[in-house]
2 protein chains.
Amino acid sequence: MDGIAVLVVEDDPDVRRSARVALAPHTERVEEVESAAELESVLAAGAFNVVLLDMNFVAGERSGAAGLDALGRIRSFDPTIAVVLMTAYGGVTLAVDSLKRGAADFVLKPWRNDKLVAAIGAAAEVTRSRRATETLQLAALERSAIERALARFQGNISSAASALGLSRAALYRRMAKHGL
Amino acid sequence: MDGIAVLVVEDDPDVRRSARVALAPHTERVEEVESAAELESVLAAGAFNVVLLDMNFVAGERSGAAGLDALGRIRSFDPTIAVVLMTAYGGVTLAVDSLKRGAADFVLKPWRNDKLVAAIGAAAEVTRSRRATETLQLAALERSAIERALARFQGNISSAASALGLSRAALYRRMAKHGL
DNA sequence: CGAGGCTTGTCCGGAATCGAACACCCTCTG
DNA sequence: CAGAGGGTGTTCGATTCCGGACAAGCCTCG
């Protein structure tokens, strides 16, 4: 799993070490922070493609609220990065809530190393895919929309043009422009 | 919750009745099927905006595989419709796997009626939002991309134009066309 | 077999868009 | 304080794109 840079957010030094031991042989880089206080600056500086985020790093707090808050901040900062949440206390409700709020995966502590590695690998792939498809280039968006329309209508030019809001002649020109 | 049409997929008649009793006062229509055999034709005929899907409707089978298979078929047929999964046997792993495969929510049996109603309401909103944003109209896609670019670059016309692959003058014209 | 409805690909006079250039403003640095 | 570097909004001759119309083909139905 070359090219994977993981940021581990975890207050417990034993768990941080366990994560590093599990992940380091399978990734390019594992960095750790003890709290979520400076998440944005660490993320900005670090070119990560996965975050492994503890849900409870406030002493005595077990609800997962801190982790969900941090998840929200990470997603605001970089919506493309996949976040894997981990907790020792989670039930179905917390897991479901986490994924609904945008976590890519949810891991219970103590984990099996092979499952953690697999989860991180899958999450990195989610980040890769999100980053590949996020573009603002109008030409690329137009080409993609034309391809989807042609697929949707099995190559029927009249229907595809209508769906795209173009005349048939205009669609022919756009198709030629994009080499379709 | 006007305008919500729910399809309940559940083999147990007692559970089907419980779902109907819980949901009927809060929705426009509740229909039920006993198995997933004819899902696509029922969905095609019915104009639903939520599916409440049991995970286990194969006798003796408790793994949830049947429900996940049905989820996949529903999503292939109509990727915009929100699916709420329900099971009596699910743990964190099954819940996480369900959401990763595209379920909008996950409900454990026996449910609390108010929570089921809330989950269905939220799922209907997910369907509404997905259907609103799925468009092939190039003009709408262009407007949306311009808005995202302006937001991304805090209104900086030069940077937004560059990201969109347009000249500044062209961007000004597109913005005027879209009333931005 | 022929009509009707749908599809296809192409054309061309007119309309719309193009982007380099212009003039100007603001901030930062030497 | 002046100059550099970034930004802004607008202009206009050149270029590209527009869509209704045309001609033709295919499929279904009476």
Side-chain angles (χ1 to χ4, degrees), chain A residues 38-48 73-81 130-180, chain B residues 38-48 75-81 130-180:
Chain A
E38 291 176 352
L39 258 186
E40 288 85 348
S41 56
V42 174
L43 285 169
F48 297 100
R73 284 168 50 208
I74 294 168
R75 286 182 60 76
S76 289
F77 180 77
D78 179 357
T80 62
I81 201 166
R130 283 175 182 167
R131 286 176 175 167
T133 60
E134 178 190 79
T135 183
L136 286 162
Q137 287 280 319
L138 285 174
L141 293 171
E142 175 178 282
R143 181 193 169 109
S144 173
I146 290 170
E147 286 170 335
R148 294 201 306 278
L150 291 171
R152 164 85 68 85
F153 297 99
Q154 291 94 47
N156 182 314
I157 299 294
S158 303
S159 298
S162 179
L164 291 159
L166 295 171
S167 70
R168 288 191 309 103
L171 177 53
Y172 274 110
R173 282 189 292 273
R174 308 289 179 103
M175 288 169 67
K177 186 172 78 179
H178 295 296
L180 297 177
Chain B
E38 291 174 356
L39 258 184
E40 288 87 346
S41 55
V42 174
L43 285 168
F48 298 101
R75 287 182 60 76
S76 289
F77 180 78
D78 180 358
T80 62
I81 201 167
R130 283 175 181 169
R131 287 177 176 167
T133 60
E134 177 189 78
T135 183
L136 286 163
Q137 288 279 320
L138 285 174
L141 294 171
E142 175 177 281
R143 180 194 169 110
S144 171
I146 291 171
E147 286 171 334
R148 293 202 306 276
L150 291 171
R152 163 85 68 82
F153 297 99
Q154 290 96 46
N156 183 313
I157 300 294
S158 303
S159 298
S162 180
L164 291 160
L166 296 172
S167 71
R168 288 192 310 103
L171 177 53
Y172 275 110
R173 283 189 292 273
R174 308 290 177 103
M175 288 168 68
K177 186 171 81 180
H178 296 295
L180 296 178

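Throughout, protein chains are lettered first and strands after them, A, B, ... in sequence-line order, and every chain is numbered starting at 1.
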Taking B:Gln137 for the side chain and A:Ala163 for the main chain, is one N or O donor matched with an acceptor at less than 3.5 Å?
yes

For B:Gly155 and A:Arg173, find the nucleotide of DNA chain D closest to each by heavy atoms; which residue's nucleotide sits nearer the 5' end?
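Counting from the 5' end, the first nearest nucleotide belongs to B:Gly155.
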
Specify the residue among B:Asn156 and A:Gly165 whose closest nucleotide of DNA chain D lies further upstream toward the 5′ end.
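Going by which nucleotide is closer to the 5' end, it is B:Asn156.
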
Side chain of [X] only, please: which of [options] is the nearest?
| X | options | value |
| --- | --- | --- |
| B:Ala170 | D:dT8, C:dT8, C:dG19 | C:dG19 |
| B:Ser159 | C:dT7, D:dC17, D:dG7 | D:dG7 |
| A:Ala169 | C:dT8, D:dG20, D:dT10 | D:dG20 |

On a plain distance test, is the side chain of B:Arg168 in donor-acceptor contact with the base of D:dG7 below 3.5 Å?
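By the distance-only test, no, there is no pair.
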
Hey, are the side chains of [X] and [Y] touching, using non-hydrogen atoms and a 4.5 Å cut-off?
| X | Y | value |
| --- | --- | --- |
| A:Leu164 | A:Leu171 | yes |
| A:Leu141 | B:Glu142 | no |
| B:Lys177 | B:Arg173 | no |

Euclidean distance, atom [atom1] of residue [X] to atom [atom2] of [N] [Å, nearest integer]:
| X | N | atom1 | atom2 | value |
| --- | --- | --- | --- | --- |
| B:Leu166 | C:dA16 | CG | C1' | 15 Å |
| B:His178 | C:dT17 | NE2 | P | 10 Å |
| B:Lys177 | C:dC18 | NZ | C1' | 13 Å |
| B:Leu171 | D:dT10 | CG | C1' | 14 Å |
| A:Leu150 | C:dT8 | CG | P | 10 Å |
| A:Glu142 | D:dC17 | CD | P | 10 Å |
| A:Leu164 | D:dC18 | CG | C1' | 16 Å |
| B:Ile157 | C:dC25 | CD1 | C1' | 16 Å |

Are there over 12 heavy-atom neighbours, none belonging to B:Glu38, within less than 6.0 Å of that residue's CD?
no

Is any side-chain N or O of A:Ser158 closer than 4.0 Å to OP1 or OP2 of C:dT8?
yes

Contact under 4.0 Å: B:Arg174 side-chain N or O vs C:dC18 OP1/OP2:
yes

Non-hydrogen atoms of B:Phe48 and B:Leu43 that approach each other most closely
CD1-CD2, 4.0 Å

What's touching nucleotides 24-29 of chain D from the protein side, N or O pairs under 3.5 Å?
none

Roughly how far apart are A:Arg168 CZ and A:Ser159 OG, rounded to 0.5 Å?
11.0 Å

